[in-house]
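Written below as structure tokens is the structure these notes are about.
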Amino acid sequence: MNLDRSRLNSTAKPTATRMQELSAKLPTFRLVKEPPTLPEGFIMPSFSPTMYHFPKQKCERLKNDCKPSNPDAWVSTYDCMMAVLWRATTRAKIPMLKPDMDKKINLTHAVNNRKILDPPLPDRYLGNAVSLAQVTPMAIKDVIAEDALPAIALAIRNSISRITPQSIQDSAEWVAGIENKSQININVDAFLGMDLAATSWQQMTSYTQQDFGFGVPKAVRFPKPDWEGYVFVYPEREEGVEVCVLLEDACQGRLRGDEELGRYASLME
């Protein structure tokens with residue numbers, strides 16, 4: 001059971017009509033037949049990971065500030081952290097990329113399939129079991145609008161809610177219908193672009209249960225991440241949540257001084 005990947009695969013090859021239907025339902029993927037070429041004279045800018053800490057007390061303040069106007073709606077701590085980070089990284093990238101403020105951008109992030117599937121995957125299932133959720137694209141000016149924080153957090157929650165057992169099977173079926181799997185790419189323009197990508201290990205029990213005989217870890221880190229336009233949320237601690245943000249160096253400098261982000265997170269030296 002712990003090695004059985006059949007529930008995440010599809011053996012059925014969809015018809016051309018079905019492929020069109022599936023493609024419309026899966027905005028997080030695109031087919032790229034030719035690798036992109038770099039502009040003549042392009043020089044890769046320097047970028048580095050920077051750690052931010054969201055203390056538990058400030059997470060509670062952030063959740064209160066992100067409270068939806070609809071009393072029936074709910075947002076998680078993750079939704080709220082990603083909302084403030086998406087807004088802050090967008091502001092930080094504007095001076096470098098000088099985009100049209102009406103340009104639509106998105107946040108694409110990984111969602112854990114293990115508990116979504118019915119029945120859930122075994123706790124000891126070995127393998128990657130995530131779907132990619134995409135926030136409905138929004139204009140840059142709307143993402144960074146002054147009072148938009150609650151709306152952004154709710155949009156992130158809604159993107160996660162769209163991941164269902166059926167959407168997981170739709171993704172598997174679409175992949176089965178692609179002859180050349182190497183052409184499958186994630187539909188996100190995050191690397192030196194205005195989109196943002198994210199992964200979360202927030203719910204992992206590393207600090208309480210991952211004891212291999214010499215104690216639980218003091219810290220969990222992803223070694224030398226070589227990405228840009230990416231947010232990595234680490235397992236939650238008693239005192240809060242640590243987040244690694246990867247941006248081009250000048251953008252990272254602007255992010256460190258972002259007033260809104262500074263209300264909820266502090267830089268980890």
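- The heavy-atom pair separating Val216 from Ser206 by the smallest distance is CB-O, 4.0 Å.
- Nearest heavy atom pair, residue Ala83 against residue Ile156, reads N-CD1, 3.5 Å.
- Crowding of Lys25 atom NZ: a count of heavy atoms from other residues, nucleotides or ligands under 6.0 Å exceeding 12.
- At distances below 3.5 Å, not a single donor-acceptor pair connects side-chain atoms of Arg124 with backbone N or O atoms of Leu3.
- Leu149 and Glu260 make their closest contact through CD2-OE2, 4.2 Å (heavy atoms, listed as atom of the first residue, atom of the second, distance).
- Between Arg91 and Glu259, none of the side-chain N atoms (NZ, or NE/NH1/NH2) sits under 4.0 Å from a carboxylate O, so this pair counts as no salt bridge.
- A continuous path of Ile, Leu, Val, Met, Phe, Trp and Tyr side chains, each step under 4.5 Å between heavy atoms, connects Leu267 with Leu261, placing both in one hydrophobic cluster.
- With hydrogens and angles ignored, the 3.5 Å screen pairs a side-chain donor or acceptor of Gln169 with a backbone N or O of Arg7.
- Checked by atom type and distance alone, the side chain of Lys58 never pairs as donor or acceptor with a backbone atom of Ala265 at under 3.5 Å.
- When side chains are defined from C-beta on, Asp195 does not count as touching Thr108, because their heavy atoms never get closer than 4.5 Å.
- Counting heavy atoms of neighbouring residues, nucleotides and ligands inside a 6.0 Å radius, atom NZ of Lys33 does not exceed 12 of them.
- In terms of the side chain to side chain donor-acceptor pair (under 3.5 Å) criterion, residue partners of Arg30 (sequence neighbours excluded) are, by chain and number, Asn187.
- Here the two rings, on Phe232 and Trp201, have centers that are under 6.0 Å apart.
- Inter-residue side-chain proximity for Ser171 and Leu26 is flagged as met; some heavy-atom pair is nearer than 4.5 Å.
- Heavy atoms of other residues, nucleotides or ligands lying less than 6.0 angstrom from CD1 of Ile186 number 12 at most.
- Residues Tyr125 and Leu117 form no side-chain contact, since every pair of their non-hydrogen atoms from C-beta on lies 4.5 Å or further apart.
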* Could you go step by step and tell me if Met82 and Leu107 meet the side chain to side chain contact (heavy atoms under 4.5 Å, CB included) rule? -> CA-CA 9 Å; Met82 286 309 307; Leu107 163 66; 3.9 Å; yes

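- From Ile144, atom CD1 reaches atom CD of Glu146 across 11.5 Å, with rounding to the nearest 0.5 Å.
- Note on ring orientation: taking the six-membered ring where Trp is involved, the planes of Tyr78 and His109 are parallel (angle under 30°, cut-offs 30° and 60°).
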* **side chain to side chain contact (heavy atoms under 4.5 Å, CB included) between Leu255 and Thr50, intermediate numbers included** => CA-CA 10 Å; Leu255 186 68; Thr50 300; over 6 Å; no

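- Each of Asp142, Asp189, Leu196, Val143 was checked for a side-chain contact (heavy atoms from CB on, under 4.5 Å) with Ile105, and the lone residue meeting it is Val143.
- Under the 3.5 Å distance criterion, the side-chain polar atoms of Asn106 are left unmatched by any main-chain donor or acceptor of Val135.
- Side-chain contact between Ile152 and Met138 is present, with heavy atoms from C-beta onward closer than 4.5 Å.
- Between Pro150 and Lys67, the shortest heavy-atom distance links the atoms CB-O, 4.0 Å.
- When the side chains of ILVMFWY residues are joined at heavy-atom separations under 4.5 Å, either directly or via intervening members, Met44 and Trp227 end up in two distinct hydrophobic clusters.
- Put simply, the side chain of Gln202 reaches to within 4.5 Å of the side chain of Glu236, judged on heavy atoms.
- Here the side chain of Asp4 pairs no donor or acceptor atom with the backbone of Asn2 at under 3.5 angstrom.
- With 3.5 Å as the limit, one finds no donor-acceptor pair spanning the side chains of Glu60 and Asn64.
- For Ile43, the CD1 atom counts as loosely surrounded, since its 6.0 Å shell holds 12 or fewer non-hydrogen atoms of other residues, nucleotides or ligands.
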* How far apart are the C-alpha atoms of Thr199 and Phe222, what are their side-chain angles, what is the distance that settles it, and do they pass the side chain to side chain contact (heavy atoms under 4.5 Å, CB included) test? -> CA-CA 11 Å; Thr199 294; Phe222 193 106; over 6 Å; no

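- Although no hydrogens or angles enter the test, the distance criterion places a donor-acceptor pair under 3.5 Å between the side chain of Glu228 and the main chain of Glu248.
- When side chains are defined from C-beta on, Leu154 does not count as touching Asn70, because their heavy atoms never get closer than 4.5 Å.
- For the pair Arg18 and Asp170, the salt-bridge criterion is met [side-chain N within less than 4.0 Å of a carboxylate O].
- Atom CG in Leu85 sits 12.0 Å away from atom OH in Tyr264 (nearest 0.5 Å).
- Proximity of Trp174 to Ser23: side-chain heavy atoms (C-beta onward) are separated by under 4.5 Å at one or more points.
- One hydrophobic cluster holds both Leu247 and Leu97 under the rule that ILVMFWY side chains link at heavy-atom gaps under 4.5 Å.
- Within 6.0 Å of the CD atom in Glu239, the count of heavy atoms belonging to other residues, nucleotides or ligands exceeds 12.
- Note that OG1 of Thr15 is 8.5 Å distant from CG of Leu22, once rounded to the nearest 0.5 Å.
- The side-chain heavy atoms of Leu62 and Arg263, taken from C-beta on, include no pair separated by under 4.5 Å.
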* To do: Verify side chain to side chain contact (heavy atoms under 4.5 Å, CB included) between Phe47 and Tyr230, making sure each step is shown before the conclusion.
  => CA-CA 11 Å; Phe47 54 91; Tyr230 203 95; over 6 Å; no

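- Between Asp123 and Lys115 there is a salt bridge, since at least one side-chain N of the basic residue sits less than 4.0 Å from a carboxylate O of the acidic one.
- Arg162 places a side-chain N or O within donor-acceptor distance of the main-chain N or O of Gln134, the cut-off being under 3.5 Å.
- Asp79 and Ser76 form a side-chain donor-acceptor contact under 3.5 Å, judged by distance and modelled atom types alone.
- A donor-acceptor pair is defined here as one N or O able to donate and one able to accept, closer than 3.5 Å; no such pair exists between the side chain of Arg254 and the backbone of Pro95.
- Closest non-hydrogen pair, Glu242 versus Tyr207, comes out as OE1-OH, 3.8 Å.
- Criterion: ILVMFWY side-chain heavy atoms under 4.5 Å apart, direct or through other members. Under it, Ile184 and Leu132 are part of a common hydrophobic cluster.
- Considering every non-hydrogen atom in both Gln252 and Val245, the closest pair reads NE2-O, 3.1 Å.
- Residues Phe54 and Val220 do not share a hydrophobic cluster, defined by chaining ILVMFWY side chains whose heavy atoms lie under 4.5 Å apart.
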